[in-house]
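All remarks here apply to the structure that follows.
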Amino acid sequence: MTSSGAPTEPADFRTAVESLHAARIRPEIEVGPIRPPQRLAPYSYAVGAEVRPGTDDADEIPVDSTGSSFGRLILLYDPAGQDAWNGTMRLVAYIQAEVEAALAMDPLLPEVAWSWLSDALGVPPGETATTEASSTERVVEVTALGGTVTSTTSVRYGDIAGPPRAHQLELRASWTATGLDLGAHLEAFCDVLSAAAGLPPAGVTELGSV
């Protein structure tokens, strides 16, 4: 669970990891621990998240369709702190999702995708940190938010499985947590993954799915 191999872990790091396990995740998303990256910080922990596949058993491969959506959230902890982090605890997020052609061709897609993250974290547009006031019950306090959004198109040729044309959205971001309760951070991350995958809001059932 840590990249350091140390026999003991700082209490703050243990508290942060335990808070991730307490996050409330919607049932369409499967979350579990994965191997964390090495050498990025004295202590690290990582979780992987994937949107569960639908129940459509059709064998026909459509010309353009959405596919798997997944991501990972990495917790980096340095008791001494790092100047670039402006703190001791950094979260690094990566999300990849296949999107429909109409969305992929939208020139505003990067701004929209970034707004999913900033809204989920409670960071005002154009800012890099949350404000004191929050309109949601979930409390997320972050600073030094930054990242990139990339939209790509893949065209398959020859004898290779999959739709002939696929469009991917990639979001890479990192931010510093100002508290030890990181459950809300993982919940916000999963909100972004849900949006990227095109899932309806939590608690809403799509027509024809029941």
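Just so you know, these numbers use all the heavy atoms, side chains as well, and skip hydrogens, waters and symmetry mates. On a predicted model such as this, the values are computed, not experimentally measured, just so you know.
Ser68 contributes atom OG, which lies 5.5 Å from atom CD of Glu98 (distance to the nearest 0.5 angstrom). Within the model, atoms CD1 of Ile74 and CZ of Arg35 stand 12.0 Å from one another, a figure rounded to the nearest 0.5 Å. Here the straight-line distance linking atom CD1 of Ile29 with atom CG of Leu193 works out to 4.5 Å at 0.5 Å rounding. With rounding to the nearest 0.5 angstrom, the CG atom of Leu76 is 10.0 Å from the CE atom of Met89. In this structure, Leu169 CG and Ile95 CD1 are separated by 8.5 Å, a value rounded to the nearest 0.5 Å.
Following chains of ILVMFWY side-chain contacts shorter than 4.5 Å, one cannot reach Ile34 starting from Leu20, and the two form parts of different hydrophobic clusters. In the hydrophobic clustering of this structure, Trp116 does not group with Phe70; members are Ile, Leu, Val, Met, Phe, Trp, Tyr whose side-chain heavy atoms approach within less than 4.5 Å, directly or through other members. Hydrophobic clustering places Leu199 together with Ile25 (ILVMFWY residues linked when any side-chain heavy atoms are closer than 4.5 Å, directly or through intermediates). Under the 4.5 Å side-chain contact rule for hydrophobic residues, Val112 and Trp114 share a cluster.
Heavy-atom minimum distance, Ala120 versus Val140: O-CG2, 4.4 Å. Ala16 approaches Leu75 most closely through the heavy-atom pair CB-CD2, 4.0 Å. Contact detail for Pro79 and Pro42: the closest heavy-atom pair is CD-CG, 4.3 Å. Val99 approaches Ala196 most closely through the heavy-atom pair CG1-O, 3.9 Å.
A cation-pi arrangement is absent between Arg172 and Tyr94 under the rule of less than 6.0 angstrom and at most 45 degrees off the ring axis.
Using a distance-only test at 3.5 Å, with no hydrogens or angles considered, a donor-acceptor pair links the side chain of Ser118 to the main chain of Ser115. Put simply, the side chain of Thr128 never gets that close to the backbone of Thr143: no donor and acceptor are under 3.5 Å apart. Distance alone, capped at 3.5 Å, is enough to place a donor-acceptor pair between the Gln38 side chain and the Pro36 backbone. Proximity of a side-chain donor or acceptor of Asp181 to a complementary backbone N or O of Gly183 within less than 3.5 Å is detected. Judged by distance alone, the side chain of Ser19 and the main-chain N or O of Leu182 form a donor-acceptor pair under 3.5 Å. In this structure, Arg72 contributes its side chain and Ala49 its backbone to no donor-acceptor pair below 3.5 Å.
Within a 6.0 Å radius of CD in Glu30, other residues, nucleotides and ligands contribute 12 heavy atoms or fewer.
Within the 4.5 Å cutoff, the side chain of Glu9 has no heavy atoms near those of the Tyr77 side chain. Two residues are said to be in side-chain contact when any heavy atoms from C-beta on lie closer than 4.5 Å; Arg26 and Ser194 meet this criterion. The side-chain heavy atoms of Thr88 and Asp78, taken from C-beta on, include no pair separated by under 4.5 Å. With a 4.5 Å cut-off on side-chain heavy atoms, Glu170 and Thr148 do not count as touching.
Side-chain atoms of Glu141 and Thr178 form a donor-acceptor pair, as typed in the model, at a separation below 3.5 Å.
Partners of Thr176 under the side chain to side chain donor-acceptor pair (under 3.5 Å) rule, at least two apart in sequence or in another chain, are Arg90.
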Exercise. Going through the distances and angles, do Leu109 and Val149 end up as a side chain to side chain contact (heavy atoms under 4.5 Å, CB included)?
Worked result: CA-CA 9 Å; Leu109 177 58; Val149 177; 5.6 Å; no

Exercise. Is there a side chain to side chain contact (heavy atoms under 4.5 Å, CB included) between Leu117 and Leu145 once you walk through the steps?
Worked result: CA-CA 10 Å; Leu117 178 63; Leu145 170 65; 4.1 Å; yes

For this session: Just do the side chain to side chain contact (heavy atoms under 4.5 Å, CB included) check on Gln96 and Ser69 with the steps written out, would you?
Result: CA-CA 6 Å; Gln96 178 178 304; Ser69 301; over 6 Å; no

Exercise. Does the side chain to side chain contact (heavy atoms under 4.5 Å, CB included) test come out yes or no for Arg14 and Val17, once each step is laid out?
Worked result: CA-CA 5 Å; Arg14 291 199 305 270; Val17 170; 5.9 Å; no

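Taking the six-membered ring for Trp and thresholds of 30 and 60 degrees, Phe13 and Tyr43 have ring planes inclined between 30 and 60 degrees apart.
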